[in-house]
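This report refers to the structure that appears directly beneath it.
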Number of protein chains: 2
Amino acid sequence: MNIGEIARRSGVSRSTVSYALSGKRAVSEATRQRIQAVIDELGYRPNAAARALKEGRTRTLGLVVPPTRRRLTFMQLEFVASVMEAADRADLDLLLSPSRDDHDRSFERIVGGRRVDGLILMEIRLDDPRVTRLQGLRLPFVTIGRTARPQGTCWIDVDYATLIDRCVNHLADLGHRHIALINRSAELIASGYGPAHRAREGFADAVARRGVEGVEFCCADDAAAGETCVQEILRAHPEVTAITTINEAALPGIQRALEDAGLNIPARFSVAGVAARYWAEQFHPQLTAADVPAVDMGATAVDFLVERVTDPDAPPRQHLFVPPISLRNSTGPAPAPR
Amino acid sequence: MNIGEIARRSGVSRSTVSYALSGKRAVSEATRQRIQAVIDELGYRPNAAARALKEGRTRTLGLVVPPTRRRLTFMQLEFVASVMEAADRADLDLLLSPSRDDHDRSFERIVGGRRVDGLILMEIRLDDPRVTRLQGLRLPFVTIGRTARPQGTCWIDVDYATLIDRCVNHLADLGHRHIALINRSAELIASGYGPAHRAREGFADAVARRGVEGVEFCCADDAAAGETCVQEILRAHPEVTAITTINEAALPGIQRALEDAGLNIPARFSVAGVAARYWAEQFHPQLTAADVPAVDMGATAVDFLVERVTDPDAPPRQHLFVPPISLRNSTGPAPAPR
DNA sequence: TTGTAGGCGTTATCAT
DNA sequence: ATGATAACGCCTACAA
C-alpha cells in the first residue's frame, strides 16, 4: 500500500494525500475525511525508507551497547530499557548496536549507512575512537560517561569519584579505619574506562583526607570474581572492616564470601557501594548505596540527543548525576578490634 | 557522500560503482581498484534508506519486547542480548520495540512503516493480536512462546510443562510429599501467558501421577513478592517441604524467606526451578534448575527468522527447548516429619 | 483548494 | 566491460 494507491482510491492527487496527513497545507474538510476513510480502511502508513530518503532523516536513534561477551550489568540493562521507553515516547525508533569501537561492523553499518539521526554511546572510554569518528561526521551523539576531554561534547555521567568519596566518608564516620575498594576489572581500567578511574581517584582522595588506610582491588564483573576478591582481601588485609564498591555484578559474591567467613553484615563488616536500586535491595542485608538513577539517565540521554538532532548548533548539554546515598542495612559502626 | 560522487571521482558511471560493490556484474580489475581507492578515501557506504526503498527490504530485524513497567527477567534480558549478537553476526540491524499489543505506537511505526524485514515477538500470549496482524500483512515473524494454535506459525518455546513435571518428579523421588508451585503473576495468567499456563498444567499432571499433594501460588515478578509468597505458603501449608518455580525474579525473595524461617536449604527444604543459569548460580545454595538456554534461543530465533525472510514459502520451523535439569545444591531428601 | 513534477540515492534493465 | 535511464515511495516547490 502506498500513497499513490490511497490517492487513486480517494480520487485526489498524491500531494493532497500527503498534505492531508502532514497538515502542512490546507485541505478541505470533505476531502480530508474521504482520504482518512480510505487510509483507515486500507491501513496505510508512509513507507519509512522513502520518507527517510526524501527528508534526510530517519526518525531513528541508535543505542550503542557494549558487546555482551562480558555480561551487561543490571544498571546497564535498566538504562537500555529506559532509553527504549523514552525513544518510544518521543515517537522515535531505536536501533541497537553491539559495538566496542568504530570499526565494529554494526557501528559501521549504522553510521556509514546513515541509519540513525543520532547515537547514544554506552560505556565510553576516556579516549574513545567512536567519539572522534562521530565528531568528524557531524552526527549528533550523547555519551554515557565522559571522555578525558569532554568540554565540547554532549554527555551524561555518574559522579563516581564523589560517590565513592561519600561512601568512604560514611564508613570513616562509623569508625572504620581500614577500607577496601572493589573496583571493576583490570582490563577495563587498562582500556581507560572512566568510572573505574574516577572511582579510584575519589577513593584515593577520600582515604587521604580522612587519614584512613585504603586498599584497592580490581574485580571482574561477576559473582564468582567478587567472592574470590573478598577472600583475597580478607587474607591479605585482615585488618579491613569495610568495603566500598562500584562493582554491582560482584555484589552477590561479596555477600557470600563475607557470610562464609562468618562476618556478619553490618555487625562485623560494612559494605557501601554504587548500584542500581533494585540490585542494592537484592543484597542481604539491603545495601547502603548510591542508587544509580538509570531510568532518569535514559530519559535524559534521549532528551539531550533529540535536542542535538533538532538543533545541532546549540551548545552541547551535559549532566553529572550525583545520586544521594540511601542508608540501608549494610553499614554499621566498626567492630572493636579483636 | 553518495554513489554519484564516487562515480564522478572514479570517472565511471554510477552503475559501475554499484556493480563493483555488489559483484553482480563483471567489472575490470583496474576499474574496480580505482573505484575502491576512491571509496576508501572518502569512506563511502550506501545510504540505507535509498537502498531499502529500491530493494524493498531493510536488512533490519525487529525485536518486540514487553514494555518494562514490569521489569524484564534476567532470562529475557539474556535473550535480548543474544538476539542482538546473532543479528549482528548476520549483518542485520536490530530495531527494538516496546509493545504489548498491535496498537502500541512503536509496533504501528515499525510494522506499518515497513521498517523491518521480520519480527521476533517476545512474551507471546495464547491468543495474541500481534500474531494475527502480522499474518494478515504477510510479514515474517517468529514468536518466543506459542499461541494456543501454533501449527502454522514459526516459533521457539521452552517446554515449561515438561520442565516442571521433571522438577516435581525429582522432588517426589527425594521423598517430598507436599510440593508448592510458585507460578508467575495472576495478571499474567489471566492475560493468557503460555508458560504460566503450561507450568500449571505440567504441575497438576505430575502431582497427580506421583500421588503427592500440590498447591499452586501466583507471585509477581520480584523478590519482595517471592518473600511474601513463601511466607504465605509456610503459613497456609506448613506441611510443604519443597517448592518448584518458574518465577526467576522471585528467587532472591524465596531464598530470604526460607532463611528467615530457619529452613535450611536443602536439609529442611528443597527448591527446584526453571531459570537462567546465571541466576540459578546466584541462588544460595546454587539452585537445582532447568537452565533456560537464552543464548541458544536468541540465535535460533534469528536463524528461523532469517530463513522465513529469505524463503517465505518454506514451512515455518518450530523448536521446543527442553533443557536438562542441572543438579546443584538446593534439593535434598525430604526431612523426617516432625 | 488542488494538481504536476522533480529529486532524494540506489539498484537493475536495457542498450552499446 | 561499461553507460544511460527508469523506478522504488515520499515530500514539497511551483503552477493553476
Side-chain angles (χ1 to χ4, degrees), chain A residues 1-36 38-39 42-60 91 93 109-117 137 139, chain B residues 1-36 38-39 42-60 91 93 109-117 137 139:
Chain A
M1 191 45 46
N2 60 37
I3 200 172
E5 186 63 16
I6 301 296
R8 208 179 53 70
R9 303 213 192 192
S10 318
V12 296
S13 73
R14 293 179 305 169
S15 55
T16 301
V17 175
S18 179
Y19 285 121
L21 248 27
S22 72
K24 293 188 178 172
R25 174 166 103 174
V27 172
S28 80
E29 186 54 21
T31 335
R32 205 194 55 70
Q33 287 189 6
R34 193 149 33 88
I35 292 172
Q36 191 58 54
V38 176
I39 286 178
L42 301 185
Y44 165 77
R45 301 212 53 177
N47 178 300
R51 177 182 263 188
L53 180 57
K54 173 61 184 167
E55 294 190 327
R57 62 176 178 141
T58 60
R59 299 165 189 257
T60 304
D91 277 323
D93 287 322
R109 280 202 308 276
I110 288 180
V111 170
R114 305 260 138 81
R115 301 232 32 172
V116 297
D117 295 334
L137 291 171
L139 182 60
Chain B
M1 194 44 47
N2 60 35
I3 200 173
E5 185 65 16
I6 302 295
R8 207 179 54 71
R9 302 212 192 192
S10 317
V12 296
S13 71
R14 289 177 306 168
S15 49
T16 300
V17 176
S18 178
Y19 284 118
L21 247 25
S22 72
K24 292 186 180 173
R25 172 166 105 175
V27 171
S28 79
E29 185 55 21
T31 344
R32 206 196 55 69
Q33 287 190 5
R34 193 150 31 89
I35 292 172
Q36 192 56 55
V38 175
I39 286 178
L42 301 187
Y44 164 77
R45 302 215 49 178
N47 178 300
R51 177 182 261 187
L53 179 58
K54 176 63 184 158
E55 295 189 327
R57 63 177 178 135
T58 59
R59 298 165 189 259
T60 305
D91 277 323
D93 286 323
R109 279 202 308 274
I110 289 179
V111 171
R114 307 259 137 80
R115 300 228 39 167
V116 297
D117 294 335
L137 290 170
L139 183 59

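In the text below, chain A, chain B and the rest are named by the order of the sequence lines, each starting its count at 1.
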Seminar exercise, completed: Separation between CD (A:Gln33) and OG (A:Ser28), nearest 0.5 Å, reads 9.0 Å
Problem set entry | For B:Glu5, all residues meeting side-chain hydrogen bond (donor to acceptor under 3.5 Å, both in side chains), sequence neighbours excluded | B:Arg8, B:Arg9
Exercise. Does the pair B:Arg59/B:Asp91 count as a salt bridge with the N-to-O cut at 4.0 Å?
Worked result: no
Problem set entry | Nearest heavy-atom neighbours spanning A:Val17 and A:Ala7 | CG2-CA, 3.6 Å
Seminar exercise, completed: With five pairs defining each end axis, the helix from C:dT1-D:dA16 to C:dT16-D:dA1 comes out bent, to 10°, by 40°
For this session: Mind calculating the distance between CD (A:Glu5) and C1' (D:dC8) to the nearest angstrom?
Result: 15 Å
Problem set entry | For DNA chain D, the residues among residues 10-18 of chain B that have a non-hydrogen atom under 4.0 Å from it | B:Gly11, B:Val12, B:Ser13, B:Arg14, B:Ser15, B:Thr16
Exercise. Roughly, in whole Å, what's the span from CD in A:Glu55 to C1' in D:dG9?
Worked result: 12 Å
For this session: Answer yes or no: is there a side-chain heavy-atom contact under 4.5 Å between A:Thr60 and A:Asp117?
Result: no
For this session: Could you pull out the closest heavy-atom pair between A:Thr58 and A:Ala52, with the gap in Å?
Result: CA-CB, 4.1 Å
Exercise. Out of curiosity, A:Leu137 CG to B:Met1 CE, how far, rounded to the nearest 0.5 Å?
Worked result: 11.0 Å
Exercise. What pair of heavy atoms forms the shortest contact from A:Val116 to A:Leu139, and how long is it?
Worked result: O-CD1, 3.8 Å
For this session: Calculate the interatomic distance between A:Lys24 atom NZ and D:dA13 atom P; express it in whole Å.
Result: 9 Å
Seminar exercise, completed: With sequence neighbours left out, the residues meeting salt bridge (Lys or Arg N to Asp or Glu O under 4.0 Å) with B:Arg114 are none
Exercise. Using a heavy-atom distance cut-off of less than 4.0 Å, which residues of residues 28-35 of chain A contact DNA chain C?
Worked result: A:Ser28, A:Thr31
Exercise. Which nucleotide of DNA chain C is the first, and which the last, in the 5' to 3' direction, to come under 4.0 Å of a heavy atom belonging to chain A?
Worked result: C:dT1 to C:dG9
Exercise. Would you say the side chain of A:Ile35 lies within less than 4.5 Å of the side chain of A:Ile39, judging by non-hydrogen atoms?
Worked result: yes
Exercise. side-chain hydrogen bond (donor to acceptor under 3.5 Å, both in side chains): which pairs involve residues 13-22 of chain B, sequence neighbours left out?
Worked result: B:Ser13-B:Ser15, B:Ser13-B:Thr16
Exercise. Which residues pass the salt bridge (Lys or Arg N to Asp or Glu O under 4.0 Å) test with A:Arg25, sequence neighbours left out?
Worked result: none
Problem set entry | Between C1' of D:dC11 and CZ of A:Arg57, the distance in whole Å | 12 Å
For this session: Check side-chain hydrogen bond (donor to acceptor under 3.5 Å, both in side chains) between B:Arg32 and all other residues, then give those that pass, not counting sequence neighbours.
Result: B:Glu29
Seminar exercise, completed: Ordered by number, residues from residues 42-54 of chain A within less than 4.0 Å of DNA chain C (heavy atoms) are A:Leu53, A:Lys54
Problem set entry | Test item: B:Leu42 and B:Val38 side chains (from C-beta on) under 4.5 Å apart, heavy atoms | yes
Just the table, please: protein N/O against nucleotides 14-16 of chain D N/O, every pair under 3.5 Å.
from: D:dC14; atom 1: N4; to: A:Arg25; atom 2: NH1; distance (Å): 3.4

Show the atom names and distances, to 0.1 Å, of all donor-acceptor pairs under 3.5 Å that link a side chain in residues 44-51 of chain B to residues at least two apart or in another chain.
from: B:Arg45; atom 1: NH1; to: A:Glu108; atom 2: O; distance (Å): 3.4
from: B:Asn47; atom 1: OD1; to: B:Ala49; atom 2: N; distance (Å): 2.8
from: B:Asn47; atom 1: OD1; to: B:Ala50; atom 2: N; distance (Å): 3.0

